[in-house]
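The residues of the chain are indexed from 1 along the displayed sequence.
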Amino acid sequence: MDAEDAIYDRGRGPEIRGTRITVYNVMDHHLAGKSTAWIAQFYGISEIATHAAVDYIDAHLGELMPKYDRDLRWARTGNPPHIQALFAESHQTLMRLKENVDRQQKAQNAATTG
């Protein structure tokens, strides 16, 4: 299995075929000096798949590093304010929907028991 056959992109970044493990997941450990055997055991995948991911990383490092660095920064600093605002708005919408469902259930219960 070579890197180009084992790694593909379903839209969330290159990942190991047959898994949801991205090459960015493997990069964390590869760049930290972990062995392919260790990485394979950690993720529960074959060493062949792990070697393919490492080969892909080594061959495409220049393309992968900008997103990898951005993701690391995001992990350290959390969501930017505009994303936090979207989450808050979404949560408020969810709470309004929940209140409506609760109100409907109470009305339905009152109608069946009253």
Side-chain angles (χ1 to χ4, degrees):
M1 175 186 300
D2 71 358
E4 298 305 319
D5 290 334
I7 307 300
Y8 73 116
D9 192 338
R10 293 189 306 183
R12 53 185 211 114
E15 59 188 53
I16 299 170
R17 189 173 300 282
T19 74
R20 294 189 52 83
I21 301 166
T22 68
V23 297
Y24 299 108
N25 299 127
V26 175
M27 279 177 73
D28 286 335
H29 305 292
H30 176 57
L31 297 177
K34 300 290 185 185
S35 70
T36 53
W38 188 95
I39 296 169
Q41 183 176 5
F42 182 81
Y43 286 112
I45 57 177
S46 73
E47 280 195 60
I48 294 170
T50 306
H51 277 288
V54 167
D55 290 347
Y56 184 91
I57 291 165
D58 291 342
H60 297 90
L61 194 59
E63 301 163 38
L64 297 171
M65 283 308 291
K67 181 181 182 324
Y68 183 73
D69 287 339
R70 185 177 63 244
D71 288 351
L72 288 178
R73 276 193 311 276
W74 194 323
R76 280 192 306 271
T77 61
N79 291 317
H82 72 282
I83 299 294
Q84 290 176 355
L86 289 172
F87 286 154
E89 181 181 326
S90 177
H91 181 72
Q92 289 173 351
T93 301
L94 176 64
M95 291 298 102
R96 283 193 300 273
L97 290 171
K98 183 183 180 311
E99 288 171 7
N100 287 337
V101 168
D102 289 346
R103 204 173 11 261
Q104 289 172 355
Q105 286 177 340
K106 283 180 184 178
Q108 203 170 35
N109 289 341
T112 58
T113 60

Using a 4.5 Å cut-off on heavy atoms from C-beta on, say whether the side chain of [Y] contacts that of [X].
X     : Y     : value
Tyr68 : Leu31 : yes
Glu15 : Asp9  : no
Pro14 : Ile57 : no
Asp58 : His30 : yes
Tyr43 : His29 : yes
Thr93 : Arg96 : yes

Applying salt bridge (Lys or Arg N to Asp or Glu O under 4.0 Å) to Lys67 and Asp71, what does each step give before you reach the verdict?
CA-CA 6 Å; Lys67 181 181 182 324; Asp71 288 351; 2.6 Å; yes
Which atom pair, heavy atoms only, marks the closest approach of Val23 to Tyr56?
CG1-CD2, 3.9 Å
Which heavy-atom pair separates Ile7 from Ala52 by the least distance, and what is that distance?
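Reported closest heavy-atom pair: CG1-O, 4.2 Å.
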Decide whether a cation-pi geometry holds between Lys34 and Phe42; the criteria are a distance under 6.0 Å from NZ or CZ to the six-membered ring centre and an angle within 45° of the ring axis.
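The answer is no; the distance or angle limit is not met.
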Side chain to side chain contact (heavy atoms under 4.5 Å, CB included) between Met27 and Leu64: does it pass, once the steps are laid out?
CA-CA 9 Å; Met27 279 177 73; Leu64 297 171; 4.0 Å; yes
Nearest 0.5 Å please: distance from the [atom1] atom of [X] over to the [atom2] atom of [Y].
X     : Y      : atom1 : atom2 : answer
Gln92 : Leu97  : CD    : CG    : 12.0 Å
Glu89 : Leu94  : CD    : CG    : 12.5 Å
Lys98 : Asn100 : NZ    : CG    : 11.0 Å
Ser35 : Glu47  : OG    : CD    : 7.0 Å
Ile45 : Thr19  : CD1   : OG1   : 6.0 Å
Arg12 : Arg20  : CZ    : CZ    : 4.0 Å

For the pair Arg17 (side chain) and Ala49 (backbone), establish whether a donor and an acceptor sit closer than 3.5 Å, ignoring hydrogens and angles.
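Checking the backbone N and O of Ala49 against the side chain of Arg17, no donor-acceptor pair under 3.5 Å is found.
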Acceptor/donor pairs from residues 76-86 side chains to any protein atom, 3.5 angstrom cut, sequence neighbours excluded:
{"from": "Thr77", "atom 1": "OG1", "to": "Arg73", "atom 2": "O", "distance (Å)": "2.9"}
{"from": "Asn79", "atom 1": "OD1", "to": "Trp74", "atom 2": "NE1", "distance (Å)": "2.7"}
{"from": "Gln84", "atom 1": "NE2", "to": "Asn79", "atom 2": "O", "distance (Å)": "3.0"}

Verdict with reasoning, Ile39 to Asn25, per side chain to side chain contact (heavy atoms under 4.5 Å, CB included)
CA-CA 10 Å; Ile39 296 169; Asn25 299 127; over 6 Å; no
